[in-house]
Chemist: 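Just dropping this structure here.
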There are 2 protein chains.
Amino acid sequence: MHTYSQKLNSNDIARHAGVSQATVSRVLSGNSNVREETRQRVLAVIEELNYQPNAFAQAMKTRLSGTIGVVVSRITNPIVPEVLLHLADELTAHGKRMVVWNTDTEGEAGVVNAIRQRVIDGLVFTAAGQQSAAMASALQTGIPIACINRHIEGGEFNQFACSNLEGARTMADYLVASGRRRIAIINGPLDRSTLADREAGLRQGLQDAGIGLPDKYYAASDFAHDKFRQLAIEMIEQPSPPDAIACGNDVIAFAVLCGLRAAGVGVPDEVWVTGFDGIEMSGWDVFNLTTMRQPLDAMASATVGALIDNIENSEAEPRMVRFGTELIIRGTTANMPLTQL
Amino acid sequence: MHTYSQKLNSNDIARHAGVSQATVSRVLSGNSNVREETRQRVLAVIEELNYQPNAFAQAMKTRLSGTIGVVVSRITNPIVPEVLLHLADELTAHGKRMVVWNTDTEGEAGVVNAIRQRVIDGLVFTAAGQQSAAMASALQTGIPIACINRHIEGGEFNQFACSNLEGARTMADYLVASGRRRIAIINGPLDRSTLADREAGLRQGLQDAGIGLPDKYYAASDFAHDKFRQLAIEMIEQPSPPDAIACGNDVIAFAVLCGLRAAGVGVPDEVWVTGFDGIEMSGWDVFNLTTMRQPLDAMASATVGALIDNIENSEAEPRMVRFGTELIIRGTTANMPLTQL
DNA sequence: TGAATGTTTGAATACGTATTCATGGTAAGG
DNA sequence: CCTTACCATGAATACGTATTCAAACATTCA
């Protein structure tokens, strides 16, 4: 069994500095009054001996681990690392570590265990379906949680998402205003609030424009590149195919573009395609995707901020914010300025 | 300050079961002899009261946290989540949690801190440059480490990578055997051993074929999609452009394909393109990239296995394994079977 | 049967820190 | 000068578990 011994403890520091262990602890925590001269002396010894407090002992006393959990449903979905990147930056800025669970392959047992063992101070849930043993467990134990890109009606906890419905509505309006009339939707699983809200926004826009959405212009599937790709092929190869396909998110749109390419159908000449999220890859030439950008950095910042507040102050009210989105017009739709909206 | 109290401790269990706390601990750890009847009684009480041992107290005693750190250089690089996925699965299978650091934006301070605080039992380094304060700190403290996709000569620690040189050599042979004669290389930073080894393999193949590599057919840059894209454009727009571009990895190849598309150059009609890694996206229709697949799952499995061994048995020798690669021929090169190799 | 060995258990202790309680000292206020 | 309040500090304790030590008991062997 490999263990590497801790060389020093606060008693050693106390002895060297000629104070009591309690005083060393007070200097470290910075919460109590210590005479400036004493503080300097202790700090000097800490520095000299290169002392680090034992994190486990601290955690046991304070019941705080300095670690935040992040629950992710499909880590290889390209939007996930972008979210993790921003979360990691924010957490680091707050001096917290980030432990990650990927539930689509690992399952949720690890998360539930961590919650029950109290080894995390808070938990971030990223977009995923509603049914979640981990979420139920978190709510039951009362551990502070925050959801990013996932909305649950009536939930008494922090929730940060973009204006999915309004953004999708804007997207529909743009397509209609640009002359599209046979607009199709390809979407993912609707138990994800983001996707459901976006679909609602699109449908609303189509309905208000008097266009509507025939069944043959609608398709959905659970997450799998090949499935979306296949749906796109079937969609485009039917009689009187759509002249635009609005997708629930960028990753779905990527698969759709792949399907259309396989079917030999030109974009945007024969059909337009739009995504939603505005992830980095959407700007690559091979996609050049018109999409609706959500401010992931701001959302991550708010998520972490609220979580930290809940941890430091249990009275803090849960927050719920919707972030604005930005239409980015690229090559998968006609490249013309949007003056008529 | 939010804290949620631990309801029960092992003393409560002991009292309810009519045994001592030591016996409860023995039942939990499973290392000592306990009479079967006693064990069942204790387990029943644990079950009944829904007791969970306090992880911090355990960690303080055993000096083991049940957490493994993973250091990543650019988490949004699509190969990284694939690595993390496999690592997470393996770690979960071993009952370990995974904490992730993304050093390109966070820096390494968090990792170094975690090492000094002993809050992780082991550390995985994924491909990155050689200079690393975290690696130095890890080696100094003696915490078990393992490197995946990163090789350091003479290092006394676990290292798992694929046969980068041989794989690249095979790739060069394939291009030459297929009739390519003006073969270019676009690569990333050479302080990454994977990229350096692959370049060496390619150069070796070209040299043995008597083709060589003129300066004008070589370009490199640090990691940034736009830079690789630009390099590809400049490469292809020069007089007597290459008839093939071999890239250091798939992500570079994606950028190259984007550049070629922007330049209006047909692939594979006017120029072939190859990658290396075989990440999932390389199979998407928009890339359809010929590449060299490395067995990430096996590599991750070996990485975690070795790390766990080092943690459980400090005498365990560091391991160093090279994994074989597999040429995957797709649409960015002529779609013909490779019989002549 | 007696000695030797092995099994099962409890009491006590240690891990390293944060915090409470008590004490001596110092400043403020009349 | 006396009281009151506050500041700085140390001794002692608690957090919850793993482990050592010793004792009680059971088993084996001659």
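We use all heavy atoms of the structure for the numbers below, so side chains are in, but hydrogens, waters and symmetry mates are not. Lettering follows sequence order; numbering is per chain, from 1.
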Chemist: Are there any protein N/O atoms within less than 3.5 Å of an N/O atom in nucleotides 8-15 of chain C, and if so, which ones and at what distance?
Modeler:
from, atom 1, to, atom 2, distance (Å)
dT9(C), OP1, R35(B), NE, 3.2
dT9(C), OP1, R35(B), NH2, 3.3
dT9(C), OP1, T38(B), OG1, 2.2
dT9(C), OP2, R35(B), N, 2.7
dG10(C), OP1, S20(B), N, 3.4
dG10(C), OP2, S20(B), N, 2.9
dG10(C), OP2, S20(B), OG, 2.9
dG10(C), OP2, T23(B), OG1, 2.5
dG10(C), N7, R26(B), NH2, 2.7
dG10(C), O6, R26(B), NH2, 3.4
dA14(C), N3, K61(B), NZ, 2.9
dC15(C), O3', R63(B), NH2, 3.4

Chemist: Could you pull out all residues at least two apart from S20(A) that satisfy side chain to side chain contact (heavy atoms under 4.5 Å, CB included)?
Modeler: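 Counting only residues at least two positions away or on another chain, S20(A) forms a side chain to side chain contact (heavy atoms under 4.5 Å, CB included) with A22(A), T23(A).
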
Chemist: Name all residues meeting the side chain to side chain contact (heavy atoms under 4.5 Å, CB included) criterion together with S10(B); count only those two or more places apart in sequence or in a different chain, and write none if there are none.
Modeler: Q21(B), V24(B), Y51(B)

Chemist: Heavy atoms only: give me the nearest L28(B)-P53(B) pair and the separation to one decimal.
Modeler: CD1-CB, 4.2 Å

Chemist: Can you tell me the distance, in whole Å, between the CZ atom of R15(A) and the C1' atom of dG16(C)?
Modeler: 13 Å

Chemist: Send over the distance from Q58(A) CD to dA18(C) C1', rounded to a whole Å.
Modeler: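 So the two atoms are 9 Å apart, to the nearest Å.
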
Chemist: Any side-chain N or O of Y51(B) under 4.0 Å from OP1/OP2 of dT17(D)?
Modeler: yes

Chemist: Checking R319(B) now: which residues fulfil salt bridge (charged side-chain N to carboxylate O under 4.0 Å, His left out) with it, not counting sequence neighbours?
Modeler: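 If we apply the salt bridge (charged side-chain N to carboxylate O under 4.0 Å, His left out) test to R319(B), skipping adjacent residues, the hits are D309(B).
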
Chemist: For residues 81-97 of chain B, pull every pair meeting salt bridge (Lys or Arg N to Asp or Glu O under 4.0 Å), keeping only residues two or more places apart or in separate chains.
Modeler: K96(B)-D121(B)

Chemist: Angle between the two end axes of the helix from dT1(C)-dA30(D) to dG30(C)-dC1(D), five base pairs per end, rounded to 10 degrees?
Modeler: 30°

Chemist: Could you pull out all residues at least two apart from D104(A) that satisfy side chain to side chain donor-acceptor pair (under 3.5 Å)?
Modeler: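 Result, side chain to side chain donor-acceptor pair (under 3.5 Å) vs D104(A): N102(A).
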
Chemist: Protein-nucleotides 23-28 of chain D N/O pairs closer than 3.5 Å?
Modeler:
none

Chemist: Applying side chain to side chain donor-acceptor pair (under 3.5 Å), name anything that partners R15(A), two or more places apart in sequence or on another chain.
Modeler: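 Once residues adjacent in sequence are excluded, the partners of R15(A) under the side chain to side chain donor-acceptor pair (under 3.5 Å) criterion are D12(A).
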
Chemist: According to salt bridge (Lys or Arg N to Asp or Glu O under 4.0 Å), does anything in residues 20-36 of chain B pair up with another residue at least two apart or in another chain? List the pairs.
Modeler: R35(B)-E37(B)

Chemist: Can you list, pair by pair, the side-chain donor-acceptor contacts under 3.5 Å of residues 294-306 of chain B, counting residues two or more places apart and other chains?
Modeler:
from, atom 1, to, atom 2, distance (Å)
Q294(B), NE2, D277(B), OD1, 2.8
T303(B), OG1, M299(B), O, 2.6

Chemist: Can you measure I46(B) atom CD1 to dT17(D) atom C1' for me and round it to whole angstrom units?
Modeler: 13 Å

Chemist: How would you list, by chain and number, every residue that makes a salt bridge (charged side-chain N to carboxylate O under 4.0 Å, His left out) with R41(A), sequence neighbours excluded?
Modeler: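 Here no residue qualifies.
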
